[in-house]
*Asks:* 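Below is the structure I would like to discuss, written out as structure tokens.
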Amino acid sequence: MKSYKVLVTTVVGALVSAAVVVPIAFGAPAQAAPPTPGPIVKLWSWNWKSVAKECTDVLGPAGYGAVQVSPPNDSMSMGGSVWWDVYQPARYTLTSKFGDETAFKNMVNTCHAAGVKVHADAVINHMTGQGSTSYGGYSFGKYNYPGLYSAADFHSPTCTINGSDYTNDASRVQNCELVGLSDLNTGSEYVRTQIAGYLNKLTSLGVDGFRIDGAKHINPNDLAAIKSKLTGSPYIHQEVIFGAGEPITPSQYTGIGDVHEFVYGRKLKEQFTGQIKNLQSFGQSWGLSVPSDKAVVFIDNHDTERNGSTLNYKSADAYKLANVFMLAWPYGTPRVYSSFAWSNSEGGPPSAGGGFVTDTNCGNGQWTCFHRQMTGMVGFNRTVAGTSVGNWYDNGNNVIAFSRGNKGWVAINNEGGALTRAFTTGLPAGTYANDLGSGSVTVDASGTASVTVPAKGAVAIHVGGSTPPGPTPTPTPTVNPGNVATSFNANVTTYFGQNVFVVGNVAALGTWNPASAIALSSAAYPVWKATVSLPPGTAIQYKYIKKNPDGSVTWESDPNRSFTTPSGGTATRTDSWR
């Protein structure tokens, strides 16, 4: 057998197609509704402790409706060197490289307390293709899982899916082995019962939904039978990758639950590397494979970010703007993707101690933490739900703008220069915070606003909107009698999600500690302002810093700025970022 390292590269390409046969009517439990309000966020390869903390600190306050987590079951161990070992289940106990059952349960409870539902990635089509030891210390063979499965529980005789099978033989796609992974006989009542028992175990711990991995490789009748054994009504969304001309289609699975819309991300890559003016008509007529009411949409996932079929975090501004569009445009249930930075497409997340994933640190460059850059758009997405697109504008190239009813308005600039013009927003008169960073937008009585849309940037506003969740600004200190009221005015250009602070050598300026730095207001952007009470007659050294959406800090260049406060009265510092 080829090594799985070779085969996993093959599967990423092969998975751009996969199969199943007939549409069916189901008498299974009701499908839960998608998380409403609020989109899904996929924190892929985060450990349970880190997901819990993120639910409390970011996801709940931002309004994300649900978090999708990685497979929680025990899996074949490659010692953390690869990401794909967690997609080779060894057994259904919760002893994964992301944490044990106690940590998993604590994570679910913590997320629920923050108002965030939890969806688990469920790998139920197959078991392993190699290895003999799991992260939980369990010994197994490819067709022998003591206490769980034996050779009789797998499709026999064994066969391997060939590339041509996707267009020529749906039964082989569903009954043969995907890249050498032992294919469970999901037509077996015993196998169905074991799978359902595992999913019910997760539901008993509070899990609200499941992402069904490799659903295209499972006959929809088998999935329906498994679903009929589930307790409650968990939300189900299935990985069914559309391929042109294939006999297996996403529509064969929509009776079971929602389906991942893979064409969506491919089409948006075409536009955000071309001309986004065309997006005025974006929808199912573009060849999308799943209708809006059944689609889970995304810009990328852990497979597509590696196989080049979609944009990914390395696409920089185009990626950010495509995600803004997804959260603003009325199609499907959006899912924002966030994971770890990679150079080796097979390399695993940061880990230690035999491959157990270490805590996520959004400031060390090892994790993308991209979802934090979209927190402002979560409120937008929730507010505009159910409204239609209006007031479309484009400049004939790569700047677009549109409203969502009278609830929200967004402008996206995928060009290299800023654009300033009067836009028809469709919103009531008022001043609205920019959901994508600093500043505000004032709408007049006619619904018109003069807005500068930054190069490779966007502006979004919505009724009831506020600035995105992030570090709590330090209040401007009260000026004590005898102290000097010092105004800091810094001309600093930022991208959406960044905030500017001043920090220095005295306690009133945080004693060089970024966590205690003084937040500057962006109301007069690009000039950031704050007034700080400083001791009189004192030599002050200071710098400006940017706090980034991922939690990291950018310092301006040396040397330190310096001045001496007067013996009383006021002082003013007028600077530009360097």
Side-chain angles (χ1 to χ4, degrees), residues 34-35 37-70 98 107 110-111 114-119 121 209 211 237 260 265 268 296-302 304-305 310-328 332-342 349-350 357 359-382 435-437 458 460 467-471 495-499 547-552:
I40 302 170
V41 59
K42 177 178 177 179
L43 298 186
W44 189 65
S45 289
W46 286 44
N47 70 21
W48 309 147
K49 177 183 174 183
S50 298
V51 173
K53 187 175 188 302
E54 197 72 0
C55 278
T56 300
D57 294 348
V58 177
L59 306 186
Y64 279 104
V67 57
Q68 179 188 318
V69 302
S70 295
F98 307 111
M107 176 269 292
T110 300
C111 289
V116 182
K117 294 181 178 180
V118 177
H119 299 170
D121 201 344
R211 177 256 184 190
H237 44 118
H260 294 180
L268 287 188
V296 172
V297 299
F298 47 91
I299 301 305
D300 63 336
N301 70 12
H302 65 274
T304 72
E305 75 164 338
T310 63
L311 300 168
N312 63 30
Y313 78 94
K314 298 182 182 186
S315 306
D317 294 323
Y319 180 67
K320 297 173 187 176
L321 297 179
N323 274 275
V324 169
F325 178 83
M326 176 181 71
L327 291 167
T333 298
R335 186 184 67 185
V336 177
Y337 175 68
S338 203
S339 186
F340 60 92
W342 55 271
V357 176
D359 295 346
T360 300
N361 179 346
C362 287
N364 66 7
Q366 294 181 317
W367 300 86
T368 67
C369 297
F370 176 76
H371 63 286
R372 293 188 176 185
Q373 297 187 42
M374 292 294 107
T375 52
M377 286 303 297
V378 174
F380 182 101
N381 180 266
R382 290 163 62 106
D435 293 320
L436 291 168
T467 52
Y495 63 78
F496 49 81
Q498 281 184 321
N499 290 286
K547 292 189 178 181
N548 305 312
D550 63 4
S552 62

*Asks:* Mind running side-chain contact (heavy atoms from CB on, under 4.5 Å) on Met377 and Met326 for me, showing each step along the way?
*Replies:* CA-CA 10 Å; Met377 286 303 297; Met326 176 181 71; over 6 Å; no
*Asks:* Would you check if Val58 and Arg372 make a side-chain contact, meaning some heavy-atom pair closer than 4.5 Å?
*Replies:* yes
*Asks:* Hey, what do you get for CE (Met374) to OH (Tyr337), rounding to the nearest 0.5 Å?
*Replies:* 16.0 Å
*Asks:* Indicate the atoms forming the closest heavy-atom contact of Ala114 with Cys55, along with that distance.
*Replies:* CB-O, 3.3 Å
*Asks:* So does Phe370 get a backbone contact from the side chain of Ser338, meaning a donor-acceptor N/O pair under 3.5 Å?
*Replies:* yes
*Asks:* May I ask you to decide if Leu327's main-chain N or O and Asn381's side chain share a donor-acceptor pair within less than 3.5 Å?
*Replies:* yes
*Asks:* How many angstroms lie between atom CG of Leu321 and atom OG of Ser315, to the nearest 0.5 angstrom?
*Replies:* 11.0 Å
*Asks:* Are any non-hydrogen side-chain atoms of Gln373 and Asn323 less than 4.5 angstrom apart?
*Replies:* no
*Asks:* Show, in sequence, the C-alpha distance, side-chain angles and deciding distance for Lys53 and Asp359, and conclude whether the side-chain contact (heavy atoms from CB on, under 4.5 Å) test is met.
*Replies:* CA-CA 10 Å; Lys53 187 175 188 302; Asp359 295 346; over 6 Å; no
*Asks:* Return the set of residues passing ring pair (Phe, Tyr, Trp, His ring centres under 6.0 Å) with Phe380 (not counting sequence neighbours), or none when no residue passes.
*Replies:* none
*Asks:* Does any part of the side chain of Val297, heavy atoms only, come nearer than 4.5 Å to the side chain of Thr333, both counted from C-beta?
*Replies:* no
*Asks:* Given 3.5 Å as the limit, does a donor-acceptor pair link the side chain of Arg382 with the main chain of Gly63, or not?
*Replies:* yes
*Asks:* Hey, could you give me the OG1/CZ distance between Thr310 and Phe298, rounded to the nearest 0.5 Å?
*Replies:* 8.0 Å
*Asks:* Decide whether His302 and Lys42 meet the rule of one side-chain donor and one side-chain acceptor closer than 3.5 Å.
*Replies:* yes
*Asks:* Grab the two heavy atoms, one from Ala52 and one from Cys111, that are nearest each other, plus how far apart they are.
*Replies:* CA-SG, 4.4 Å
*Asks:* Can Val69 and Asp121 be said to form a side-chain contact (heavy atoms from CB on, under 4.5 Å), step by step?
*Replies:* CA-CA 6 Å; Val69 302; Asp121 201 344; over 6 Å; no
*Asks:* Mark yes or no for whether Ser45, through its side chain, and Pro349, through its backbone, hold a donor-acceptor pair below 3.5 Å.
*Replies:* no
*Asks:* How close do Ser70 and Trp48 get, counting heavy atoms only, and between which atoms?
*Replies:* O-CH2, 3.4 Å
*Asks:* Using only atom types and a distance under 3.5 Å, with no angle test, would you say the side chain of Lys314 pairs donor to acceptor with the backbone of Trp342?
*Replies:* yes
*Asks:* Hey, could you give me the CD/OH distance between Glu54 and Tyr64, rounded to the nearest 0.5 Å?
*Replies:* 9.0 Å
*Asks:* Can the ring centroids of Trp46 and Phe340 be said to lie less than 6.0 angstrom from one another?
*Replies:* no
*Asks:* With side chains defined as the heavy atoms from C-beta onward, is the minimum distance between Pro334 and Ile40 less than 4.5 Å?
*Replies:* no
*Asks:* Do any N or O atoms from the side chain of Asn312 and from the backbone of Glu305 form a donor-acceptor pair under 3.5 angstrom?
*Replies:* yes
*Asks:* Closest heavy-atom contact between Leu311 and Ala318?
*Replies:* CD1-O, 3.8 Å
*Asks:* Any side-chain donor-acceptor pair under 3.5 Å between Asp300 and Tyr313?
*Replies:* no
*Asks:* Which atom pair, heavy atoms only, marks the closest approach of Ala322 to Leu268?
*Replies:* O-CD1, 4.4 Å
*Asks:* Quick one, Arg211 with His119, criterion side-chain contact (heavy atoms from CB on, under 4.5 Å). Give me CA distance, side-chain angles, the key distance, then yes/no.
*Replies:* CA-CA 7 Å; Arg211 177 256 184 190; His119 299 170; 5.7 Å; no
*Asks:* Give me the atom names and distance for the closest heavy-atom approach of Gly365 to Ala341.
*Replies:* O-CB, 3.7 Å
*Asks:* Which value, rounded to the nearest 0.5 Å, describes the distance between His371 atom NE2 and Leu43 atom CG?
*Replies:* 5.0 Å
*Asks:* Roughly how far apart are Met107 CE and Phe98 CZ, rounded to 0.5 Å?
*Replies:* 10.5 Å
